[in-house]
Amino acid sequence: MLFFKKHRSLIAATILVVISLVMLSYHVVNPSVEPGPVRKIVLDLAATMERGVNTPVEALENIWKRYLFLIGLERENMRLVQHNALLTRQLVQHQEGYLEAQRLKKLLSLSDSISYETVAASVTGRNRKSLHQTIMIDKGSIHGIKTGMPVVADRGVVGRVIETSGHVSRVLLLIDESSNVDSIIQGGRGQGILSGDGSSRCFLKYVPKLEEVRLGDAVITSGICGVFPKSWLLGTVSRVARGESGLFQTVEVLPSVNFAKIEEVLVLTSPKKGRND
């Protein structure tokens with residue numbers, strides 16, 4: 001008795017469900033029988049119960065489908081991000097290869113137009129901590145490079161080789177303070193010694209005050225000392241100061257080569273046979 005009192009709601013619901021199923025089964029077996037009021041109430045209750053069960057089930061199903069969709073969307077997004085990164089790297093590599101090919105094309109054209117045998121080299125290092133302005137190139141003695149050989153680029157003189165090993169060489173740049181190049185001012189033909197200031201400029205020393213020097217005049221190699229061939233561009237005159245004392249004027253020269261951005265060079269190894277510079 002106590003059991004029935006404690007679970008009477010559950011028992012009542014169970015009896016109602018059983019009656020509903022019996023009536024539904026009866027109607028299925030005898031579809032021609034007109035449903036009575038009780039039958040209609042049972043149908044309404046069954047429909048309500050079905051909606052009560054189906055609604056949360058459909059909600060859970062929709063949540064699950066959305067979860068699966070988001071998981072697939074996240075995976076696709078990750079795939080697209082990785083693919084985009086790969087394409088970006090390939091594009092950068094292709095662009096870099098194209099630019100390098102353009103620079104090498106200029107050097108090849110330069111090599112064909114001069115009367116010297118040359119060795120093309122890439123800049124592999126820059127000495128930024130030393131007192132001297134130098135670069136390292138990826139060619140050495142096994143490629144025919146020797147100490148003292150001039151180094152040039154498509155825009156003009158870079159410097160000269162001061163140290164070499166089997167596969168690498170060190171080049172003293174034109175802007176180094178210890179670099180001295182016999183030079184000529186192309187306009188007035190005044191001569192002097194071009195030296196660097198250790199940063200980014202050069203000065204043409206020992207130019208008499210009586211020599212005519214104008215801003216923008218090209219400064220070229222004289223070819224006198226035998227290290228650099230004659231008529232190679234060194235830079236242009238950027239400032240002239242005569243002063244009141246002394247015999248020489250101050251001539252500042254802006255180098256034609258941008259040493260901070262140079263990546264490939266030509267080493268002039270020897271004059272081509274049958275040709276004079």
Side-chain angles (χ1 to χ4, degrees), residues 96 99-100 102-104 106-107 110 120-139 145 147-164 168-188 190-207 211 213-225 227-243 246 248-268:
E96 190 63 21
L99 294 175
E100 182 179 4
Q102 293 298 107
R103 294 193 301 268
L104 292 174
K106 289 182 180 179
L107 285 180
L110 176 63
S122 297
V123 176
T124 58
R126 303 175 190 275
N127 196 339
R128 303 180 187 276
K129 298 181 180 179
S130 173
L131 296 176
H132 295 290
Q133 294 283 346
T134 62
I135 58 173
M136 297 293 294
I137 59 175
D138 63 351
K139 295 295 188 296
I145 296 178
T147 301
M149 287 182 172
V151 180
V152 300
D154 61 305
R155 293 183 177 273
V157 174
V158 174
R160 58 185 173 86
V161 177
I162 58 171
E163 190 178 5
T164 184
V168 297
S169 299
R170 187 182 300 277
V171 178
L172 183 71
L173 299 179
L174 194 66
I175 52 177
D176 189 82
E177 292 179 333
S178 61
S179 173
N180 296 292
V181 182
D182 283 296
S183 310
I184 295 176
I185 302 171
Q186 198 171 41
Q191 298 187 16
I193 303 295
L194 188 73
S195 298
D197 69 346
S199 59
S200 60
R201 299 175 301 172
C202 294
F203 288 91
L204 192 58
K205 300 183 291 186
Y206 312 123
V207 179
E211 289 287 350
V213 182
R214 295 171 298 183
L215 293 179
D217 278 348
V219 179
I220 60 175
T221 56
S222 67
I224 294 176
C225 65
V227 175
F228 294 95
K230 187 177 180 179
S231 301
W232 276 84
L233 181 63
L234 297 166
T236 55
V237 176
S238 56
R239 186 173 69 89
V240 180
R242 287 181 171 82
F248 307 106
Q249 55 186 309
T250 301
V251 180
E252 182 179 308
V253 177
L254 179 66
S256 59
V257 173
N258 187 341
F259 296 100
K261 295 183 178 180
I262 190 169
E263 296 183 63
E264 292 88 18
V265 297
L266 284 179
V267 182
L268 309 185

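The side chain to side chain contact (heavy atoms under 4.5 Å, CB included) with Val181 is formed by just one residue from the set Leu204, Val219, Ile193, Leu174; it is Leu174.
Every residue was checked against the salt bridge (Lys or Arg N to Asp or Glu O under 4.0 Å) condition with Asp182, not counting sequence neighbours, and none meets it. Here Glu163 pairs with Arg170 under the side-chain contact (heavy atoms from CB on, under 4.5 Å) rule; sequence neighbours left out. Checked against side chain to side chain donor-acceptor pair (under 3.5 Å), Ser178 has the following partners two or more places apart in sequence or in another chain: Asp176. Partners of Thr147 under the side chain to side chain donor-acceptor pair (under 3.5 Å) rule, at least two apart in sequence or in another chain, do not exist in this structure. Qualifying side chain to side chain donor-acceptor pair (under 3.5 Å) partners for Asn180, counting only residues two or more places apart in sequence or in other chains: Ser195. Under the salt bridge (Lys or Arg N to Asp or Glu O under 4.0 Å) criterion, Asp197 pairs with Arg201, not counting sequence neighbours. Remark: Ser256 pairs with no residue by the side chain to side chain donor-acceptor pair (under 3.5 Å) rule, at least two apart or across chains.
Among all heavy-atom pairs drawn from Phe228 and Gly159, the shortest one is CE2-O, 3.3 Å. Of all heavy-atom pairs spanning Leu194 and Ser183, the tightest one is CB-OG, 3.3 Å. Val213 and Gln249 make their closest contact through CG2-NE2, 3.7 Å (heavy atoms, listed as atom of the first residue, atom of the second, distance). In terms of heavy-atom proximity, Ala121 sits nearest to Lys139 at CB-CG, 3.6 Å. Nearest heavy atoms, Thr164 versus Ser169: OG1-OG, 2.9 Å. Nearest heavy-atom pair, Pro229 versus Leu268, reported as atom, atom and distance to 0.1 Å: CG-CD1, 3.7 Å.
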Determine whether Arg126 and Leu173 satisfy the following criterion, side-chain contact (heavy atoms from CB on, under 4.5 Å), listing intermediate values before the conclusion. CA-CA 10 Å; Arg126 303 175 190 275; Leu173 299 179; over 6 Å; no

* Step-by-step side-chain contact (heavy atoms from CB on, under 4.5 Å) determination, Ile145 to Val161 -> CA-CA 8 Å; Ile145 296 178; Val161 177; 4.0 Å; yes

Show your reasoning for whether side-chain contact (heavy atoms from CB on, under 4.5 Å) applies to Val265 and Val171. CA-CA 10 Å; Val265 297; Val171 178; 5.9 Å; no

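Listed for the Thr221 side chain is a donor-acceptor partner under 3.5 Å among the backbone atoms of Trp232.
The distance from the CD atom of Gln133 to the OG atom of Ser200 is 9.0 Å, given to the nearest 0.5 Å. Of the inter-residue distances, the one linking Ile185 atom CD1 with Asp217 atom CG reads 6.5 Å to the nearest 0.5 angstrom.
A 4.5 Å side-chain heavy-atom check between Ser199 and Ile175 finds every atom pair outside the cut-off. The side-chain heavy atoms of Gln191 and Ile224, taken from C-beta on, include a pair separated by under 4.5 Å.
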Identify all side-chain donor-acceptor contacts of residues 233-241 below 3.5 Å with residues at least two apart in sequence or on another chain.
from, atom 1, to, atom 2, distance (Å)
Ser238, OG, Glu252, O, 3.3
Ser238, OG, Glu252, OE2, 3.3
Arg239, NE, Glu252, OE1, 3.2

